[in-house]
Structures are given as structure tokens and as C-alpha cells.
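Notes follow the structure.
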Amino acid sequence: MRIQHLDQNSRENLLENLLKRSPNQYGEYEAAVAEILAGVKKDGDQAVFAYTEKFDHAKISEENVRVTEAEIREAYSLAEPGLTEIIRKALVNIRTYHEKQRQYSWFDSKPDGTMLGQKVTPLQRVGVYVPGGKAVYPSSVLMNIVPAKAAGVEEIIMVTPPDRNGRVAPNTLVAANEAGVTAIYKAGGAQAVGALAYGTKSIPKVDKIVGPGNIFVALAKKAVYGHVSIDAVAGPSEILVIADETANPRFVAADLLSQAEHDELASAILVTTSETLAAQVSEQVDTFVKELSRGEIIRKSLDNYGYILVADTMDEVIEIANEIASEHLEIQTKDPYDVMMKIRNAGAIFIGEYSSEPLGDYFAGPNHVLPTNGTARFFSPLSVDDFIKKSNIIAYSREALEAVHKDIECFARAEQLTAHANSVSVRFEQD
């Protein structure tokens, strides 16, 4: 991995390079996505089935687009040996964590006859997009369905591309069924996003679409925002490790590669105050790459977006970490909790040398759907909050309104909204 000293020039070049990975930089695909979405909006099922045959080479129709109970039962016999029990263990942790995020309605009554409050209502129907093909991630199925269930969503509709034989990966079906999905449909890509956004004869319209996907899925979600809500426009995976001379270089190298193997656009960055550690980590990375199955992808990822940055002080390390606002942030330092308190921007923070990033991906409980491409500066991880909406509650008695009606009328007239003022004053015409 390239080793650079952290200065103003290297900082600017790094941030500029990382921005190239944003889905917002892939405008050349927007026209193709818009064409697919327009087709689905106009022709519904027929467009979805035609695009599924074109892109996934599978013949799907009204008769087989929805996954059946028999297919789900069969998936249990075909899934990875032992995986079902591991999914069930992970679900306990994921459910327990997300149930603590639940919000409740509240109401505040006062003796003067006023009652104010907030009514919390779960979304009625949400869509979960799950990648298919070579990318089969049952962990993402759990992470998208569980918070929706914890929020109280009535219907959870999952879409995922089928293989050439019109079948869905068994691991995906088992994870979805264990998590509590309502229905699963064999559709992927921008056409599946369109189906969820607009509704077709077979696939119902939803209120919100969540879940990861390729650039076409990301751009489709961005395009349908407004017809429905979305979680975020996700970019490639990324990890940033903060380490000092006390860190284990083999652990750090392994953690960097855990994200570099995702795809060629993934980013893996170490920021450290130790030149010795930097050299040791680079050496360990070279050793691991020769052994790992996705070595070619890892090499390209590191060549494009892999960095080891050496800073003079820990304050500089923390400053660049907050600027990058990484999806995953590991802290492997002498006093990791002190560093953690100074981090403002990160999707998930992993503290200590035994809190490696895959712990969050699969098992710990917190959601692994995280903000990417610097959006951790203003976005949060997927949570129960993403599956609820809030309504303000206002109730005044006549006596309570009478005490303030002249103030309200004055405010309205100051804004030249006389109908607003009249709406209040009309209630006291006889006074």
C-alpha cells in the first residue's frame, strides 16, 4: 500500500480522489435508468418481466414472480450448512439492539386546557432491495428487515433478482423468512425499484425503499425519491483505521482488506502516528493479498483508493478522520475511548483491537447499513427511525385559545395573511 505523510497537499488529493467514488459522479448511467423507470411506470409488469429477461436472462411472469412457500421450504434444505442457526443467533442480537431504538407517542396536557404531543406511526408498507447474482448477502437481508419489523411496519416487500432458472439464492430466502418478510418478488435492478415506487399488477407500491444495490439501483432510488422515500444513495464500501504504535499491524492489515475485497471502488485507509506501524501494515497487506481469494479485486481497490497516511500528532489523525467521515471507523490506539469522544463523523465506530469491522457486518447487533462517501457528516445508520413517521398533535380549549388569540392574529397580519387571522378571530366574534 502507498505510504504518504499527511500534509495539506496529500489531504486535498485524498479527499478529491475519494469523491470520484460517489454515485453522483456516474451521470452517464442516468439516461438508461430513466428509460427503465419510464417503461415500468407505463407498462408495469410487462416492462419488469422484459427487463428481467434482458438483464438477468430469466423468464418471469405473473405466475412465478412471487416466491412461493414451497420455494422457501426448499431453500432451507439448500442453504449453506449451519447458516440457519447462525442467522437465528445473529437475529437475537440485531432485534435486541433495534428494539431499544423504538420511539413512542407522547402527549403533554396542562391545566389551561392545552394538549400538545407527537404521534409516532410506523410506515404501512416498505420495500427492501436485496442484490442477487454473485453478490448474495443474507446479512443485509437481516439488517434491512429487522428495524422495519421493530418499528411495527405492517408489510415488508422484498425484491431480488433471480438466477437464469428463475430461482432466488437459498441463503437469501432463509434470511428473509427468518427475519419476517411479508412477500418476496423475483425482480432486480432499476426495474425492481420502479415497481416498488410506482406499483404494478404483481408488485405493490411501497412507502419507502431501502437496501443496497449496484449503480443502476442507486441511481433508480435517487430518481424515484419523491414518489416514495428512500434510505440513502449508497456508494462503495469503505474503512478507515486510526492506529498508533500500540496497534497490532497484522490485525490492522486484515481489517483494511476486509473492505477492500468488496469491489474495485472500495476504500481502505490507515491513518497513524507511527512510521514503523505504517511499514509493518504495508508488509502484512502484501502477505495477505497473496493468500486471499479475492486478491485481484483487493489489489485494484488498494491501487485506486488504498492509503496509509502518517501524521505527526493524534489531533491531525482525528481531524482527517472527521473530514473523510468514513462508513466504518476502527480505533486501535492506547486510549481508544478518548479518541472516540473526539470523532464527530463516522457511520459506525469500532473500538479496540478485538472489535473488527466484520463483527458489525454480521453479528453484534447495530445496523451495518451505513452512510458512505462522507455523508456520515449528516446521515445516520439505518435504524427504526427510518421506518416511522411523526405527526404533531395540537389541542386547545376555548379558554386556552382565548388567552392568546390576539397575539396570533397580530402575527398573521404582520405576514399579511388576513385569512389566517380571521380563522382565529371568527371564534370570538360575539365577545
Step-by-step side chain to side chain contact (heavy atoms under 4.5 Å, CB included) determination, V241 to F350: CA-CA 9 Å; V241 179; F350 299 79; over 6 Å; no

Residues I269, S267; criterion side chain to side chain contact (heavy atoms under 4.5 Å, CB included); working and verdict: CA-CA 7 Å; I269 300 171; S267 168; 3.6 Å; yes

Worked check of side chain to side chain contact (heavy atoms under 4.5 Å, CB included) between V174 and L83: CA-CA 9 Å; V174 170; L83 182 63; over 6 Å; no

Candidate pair R11 and L6, rule side chain to side chain contact (heavy atoms under 4.5 Å, CB included), full reasoning: CA-CA 6 Å; R11 177 181 302 193; L6 182 63; 4.3 Å; yes

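Checking side-chain atoms of T96 against main-chain N and O of N93 turns up no donor-acceptor pair under 3.5 Å. Proximity of a side-chain donor or acceptor of T52 to a complementary backbone N or O of V48 within less than 3.5 Å is detected. K41 contributes no side-chain N or O that, together with a main-chain N or O of Y198, makes up a donor-acceptor pair within less than 3.5 Å. With hydrogens and angles disregarded, a donor-acceptor distance shorter than 3.5 Å links the side chain of N322 to the backbone of K342. A donor-acceptor distance shorter than 3.5 angstrom exists from the side chain of N171 to the backbone of E80, with no hydrogens or angles considered. A donor-acceptor contact shorter than 3.5 Å links the side chain of S301 to the backbone of A266.
Ion pairing between E71 and R167 fails under the 4.0 Å rule for side-chain N and carboxylate O. Using a 4.0 Å cut-off between a side-chain N of Lys or Arg and a carboxylate O of Asp or Glu, R377 and E323 do not qualify as a salt bridge. The pair K208-D386 meets the salt-bridge criterion, with a side-chain N (NZ, NE, NH1 or NH2) lying under 4.0 Å from an Asp/Glu carboxylate O. A salt bridge between D231 and K221 is present, with a side-chain N of the basic residue lying under 4.0 Å from a carboxylate O of the acidic one. The pair R299-E296 does not meet the salt-bridge criterion, since no charged nitrogen lies less than 4.0 angstrom from a carboxylate oxygen.
Atom CG of L257 and atom CD of Q284 lie 10.0 Å apart (nearest 0.5 Å). If you take CG on D255 and CG on L359, they are separated by 10.5 Å, rounding to the nearest 0.5 Å. The line from CD1 of I324 to CG of N373 is 12.0 Å long, rounded to the nearest 0.5 Å. Between atom OH of residue Y185 and atom OG1 of residue T200 there is a gap of 8.0 Å, rounded to the nearest 0.5 Å. With values rounded to the nearest 0.5 angstrom, I349 atom CD1 is found 11.5 Å from E330 atom CD.
For N9, the side chain to side chain contact (heavy atoms under 4.5 Å, CB included) partners at least two apart in sequence or on another chain are D7, N13. Here K110 pairs with D108, D112, T114 under the side chain to side chain contact (heavy atoms under 4.5 Å, CB included) rule; sequence neighbours left out.
The closest side-chain heavy-atom distance from V281 to I308 is below 4.5 Å. Taking 4.5 Å as the limit, every side-chain heavy atom of I230 sits out of range of all side-chain heavy atoms of V210. No side-chain heavy atom of L265 sits under 4.5 Å from any side-chain heavy atom of N304. Side chains of V317 and T272 form no contact here, defined as non-hydrogen atoms less than 4.5 Å apart. Contact annotation: the side chain of E178 approaches that of L91 to within less than 4.5 Å [non-hydrogen atoms, C-beta and beyond]. Considering only heavy atoms from C-beta on, D207 comes within 4.5 Å of Q124 through its side chain. Counting only heavy atoms from C-beta outward, the side chains of V120 and W106 never approach each other to under 4.5 Å. Using a 4.5 Å heavy-atom threshold, the side chains of K54 and Q191 count as separate.
Nearest heavy-atom pair across V65 and S202 is CG1-CB, 3.8 Å. K119 and T121 get closest at one heavy-atom pair: NZ-OG1, 3.0 Å. Of all non-hydrogen atoms in L37 and G194, the two that sit nearest each other are CD2-CA, 3.6 Å. What you find for A197 and K205 is that their closest heavy atoms are O-NZ, 2.8 Å. In terms of heavy-atom proximity, A268 sits nearest to L256 at CB-O, 3.5 Å. The minimum heavy-atom distance linking V136 with A169 is given by the pair CG1-CB, 3.8 Å.
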Enumerate, atom names and distances included, each donor-acceptor pair closer than 3.5 Å involving a side-chain atom of residues 413-424, sequence neighbours excluded.
none

Solution key, residues 146-158 side-chain donor-acceptor pairs under 3.5 Å, sequence neighbours excluded:
| from | atom 1 | to | atom 2 | distance (Å) |
| --- | --- | --- | --- | --- |
| E155 | OE1 | R125 | NE | 3.3 |
| E155 | OE2 | R125 | NH2 | 3.2 |

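Counting heavy atoms of neighbouring residues, nucleotides and ligands inside a 6.0 Å radius, atom CD of E35 does not exceed 12 of them. Sparse packing is recorded around OH of Y337, with 12 or fewer heavy atoms of other residues, nucleotides or ligands lying under 6.0 Å away. Taking a 6.0 Å sphere around CZ of R344, one finds it holds 12 or fewer heavy atoms contributed by other residues, nucleotides or ligands. Heavy-atom neighbours of F107 CZ from other residues, nucleotides or ligands within 6.0 Å: above the threshold of 12.
The only option from L196, V159, L123 that meets the side-chain contact (heavy atoms from CB on, under 4.5 Å) definition with V206 turns out to be L196. Between I242 and the choices I320, L270, T333, the side-chain contact (heavy atoms from CB on, under 4.5 Å) rule is met once, by T333.
Counting only N and O atoms by type, the side chains of Q101 and D385 include no donor and acceptor under 3.5 Å apart. A donor-acceptor contact under 3.5 angstrom links the side chains of Y307 and N17, judged on distance only. S61 and K59 form no side-chain donor-acceptor contact under 3.5 Å, judged by distance and modelled atom types alone. If you check the side chains of N144 and Y129, you find no donor sitting under 3.5 Å from an acceptor.
Screening residues 34-58 for ring-ring contact (aromatic ring centres under 6.0 Å, His included), with sequence neighbours left out, gives Y51-F55. The list of side chain to side chain donor-acceptor pair (under 3.5 Å) pairs with a residue in residues 354-370, not counting sequence neighbours, reads H98-N367, S140-H368, Q259-E357, H328-E357.
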